[in-house]
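So you know, we letter chains A, B, ... as the sequences are listed, proteins then strands, and number each from 1.
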2 protein chains.
Amino acid sequence: MAESVDDAGDFAGGESAQDKQTAAPPRNAFTELMAPKTKPPKPDAGKSSRSATGKGGKWTGALVEYIEHPERFPREVLRVTPNTVLIKDLYPKATIHLLLLPRDPARYLMNPREAFDDGTFLSVVRDEAVSAARIAAAELSRQLSSFSASSQAQNEAIDAGVLAAELPPGRDFLSEMRIGVHAHPSMDHLHVHIFSPDMHSDKVKHYKHYNSFNTPFFIPLDDFPLAADDERRSTAFQNANLKRDFVCWRCGKVFGNKFAELKRHLEIEFELWKKT
Amino acid sequence: MAESVDDAGDFAGGESAQDKQTAAPPRNAFTELMAPKTKPPKPDAGKSSRSATGKGGKWTGALVEYIEHPERFPREVLRVTPNTVLIKDLYPKATIHLLLLPRDPARYLMNPREAFDDGTFLSVVRDEAVSAARIAAAELSRQLSSFSASSQAQNEAIDAGVLAAELPPGRDFLSEMRIGVHAHPSMDHLHVHIFSPDMHSDKVKHYKHYNSFNTPFFIPLDDFPLAADDERRSTAFQNANLKRDFVCWRCGKVFGNKFAELKRHLEIEFELWKKT
DNA sequence: TATTCCGATAGTGAC
DNA sequence: GTCACTATCGGAATGAG
């Protein structure tokens, strides 16, 4: 199906020489049913190396496995460049949820708020994140266009056999994609989230899963570098964000601490959102 | 089987004329498998009358149903006298768990700490509670004697065909029975608990279930009337009792707030206790 | 200090 | 804020002819 965003085929475009022969799935790793079965590392099954930041006792997480051995994960790895590895989140918190992993060991254990103080690094990551968002939007379009009123004209043209080059534009999924990072220092490896806004996922199980993406705890990549006095650098502020009342990402309704109620509401909003 | 406590057959002894024709199960309501099936009132299924104490909004409980219509509950009602009704607790917190319900409407909505300030009332209830404890001990003996080392000589004599009148004494289950009330004003009808000390029951599900019987929240009937300054009259003291660390009734081991761990321990203690 | 159901909250262990 | 598992803790409903 032709897409209103059309970068899905761009998947291997930025791949570096050293990874070319091993890290490239056939065309698009979203076609995972055809990919060879591999076992992704458990989120906690990485090497037990400790953080290089001097904050002992925290796990670096398993994301480093994707960087060091992307060829081992053909189902998860969507793209490898000299600077980043793009993977599908193993526990997606929305219909589409990708992670962009900077590969530089000098960066990937840093707090994102500080890592992105470096404008050059930020610029590289930002470019590749936008590229990743195009891949994400293409996949979202593939999944949702048939339900979308905004894509109806395009859908009908496709059914009528109109050539791809002459299709009317469909829904602009790319503009809905969210790109950013979690604020608080965590045990995990530096990673940028690229995801659809719906929060419609079985993996959204805890209040932190929701509020870490739907409060100022989530920092859009466009907001970097943060001002020195940006309150989002404050741990106290961010802890409070995670405990905030739930607010529907779409309609703004407040749910207090009623997580189960929020979840039921998200089901309804997802159906409405699909149809727009 | 002959019992070292032998009041089981005394079940209907104190029955009043007005209840005689309706409230008497065949011999002993513990033989419940033979009793007609009836549906006991749910613990909260009483009439919607509110407490006479002026504390609106609390359930009065359904115990009054047993008093007003004991004949409707042949499986639960063990004995009816002019003063009390003895029933099996619908949610037994130990191997044997009976409730003795004073029948006087002028008393049964009172706080037990005050109701038992009346020596005459207390004396009547105490006598009938001791009688109830004999019934309870007889049933406990029936259930546990075969496991009991203290009853071994009696068990062997029974197997050898020794006449009941000449059997050696078995384990003194009556001395282990606990008789008393819960301290704090509750939504429920005045009732005296008669129970074995084991706390071995699927119905022990919450910390209050345990601590309400194994802290000073439980007041032995023998301790009444309480002195005017007895700390057990204090609501604050009793609230604290319910939140105390769990202490094994048998070995004294402390379990903090680890209820599940306590439960596992109680299983072990029950097996040991049975065999003593 | 009625029960039961549901659900929010907290601690842990993972290698 | 990694997940998954266990368990503790907390509120609300409950009946009724």
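- The side chain of B:K258 lies closest to D:dT8 when the candidates are C:dA10, D:dT8, C:dT3.
- Taking the side chain as every heavy atom from C-beta outward, B:L122 and B:P225 approach each other to under 4.5 Å.
- On the P atoms, C:dA2 is 24 Å away from D:dG17, given to the nearest whole Å.
- The interatomic distance linking A:K263 (NZ) with C:dC6 (C1') rounds to 16 Å, in whole Å.
- Atoms CG (A:D245) and P (C:dT9) sit 10 Å apart, rounded to a whole Å.
- Here the C1' atom of nucleotide D:dC3 and the NZ atom of A:K205 are 8 Å apart, to the nearest Å.
- For the pair A:R107 and A:F121, the cation-pi criterion (under 6.0 Å, within 45° of the ring axis) is fulfilled.
- Going from atom CG of A:L90 over to atom P of C:dA14 covers 20 Å, rounded to whole Å.
- Using a 4.5 Å cut-off on side-chain heavy atoms (C-beta onward), A:V181 and A:F116 make contact.
- Taking atom OH of residue B:Y210 and atom C1' of nucleotide D:dT8, one finds them 18 Å apart after rounding to whole Å.
- Checked against a 6.0 Å centroid threshold, the rings of A:F259 and A:Y207 do not count as neighbours.
- Between A:N257 atom CG and D:dC9 atom C1' the separation is 13 Å, expressed in whole Å.
- Distances from the side chain of B:H206 to the nucleotides C:dA10, C:dT4, D:dT8 place C:dT4 closest.
- Proximity note for B:R264 (side chain, C-beta onward) versus D:dA7, C:dA8, D:dA4: the nearest is D:dA7.
- Between A:Y207 and B:K208, the residue anchored nearer the 5' end of DNA chain C, judged by the nucleotide with its closest heavy atom, is B:K208.
- Between A:F246 and A:F255, the ring center distance fails the sub-6.0 Å criterion.
- A:N211 comes within contact range of no nucleotide atom at all, as no heavy-atom separation falls under 4.0 Å.
- Between the NE2 atom of B:H209 and the P atom of D:dC9 there is a distance of 14 Å, rounded to whole Å.
- Minimum atom distance to the side chain of B:A260 is reached by D:dT8, of the listed D:dT8, D:dG10, D:dA4.
- Residue contacts for B:N241: at a heavy-atom cut-off of 4.0 Å it reaches no nucleic acid atom on any strand shown.
- With both ends at atom P, the span from C:dT4 to D:dA16 equals 16 Å, rounded to whole Å.
- For C:dA14, the paired base is D:dT2 (Watson-Crick or G-U wobble, both distances below 3.5 Å).
- At whole-Å resolution of the value, CZ in A:F259 and C1' in C:dT9 are 13 Å apart.
- Between B:K93 and C:dT3 there is a side-chain polar atom (N or O) within less than 4.0 angstrom of OP1 or OP2.
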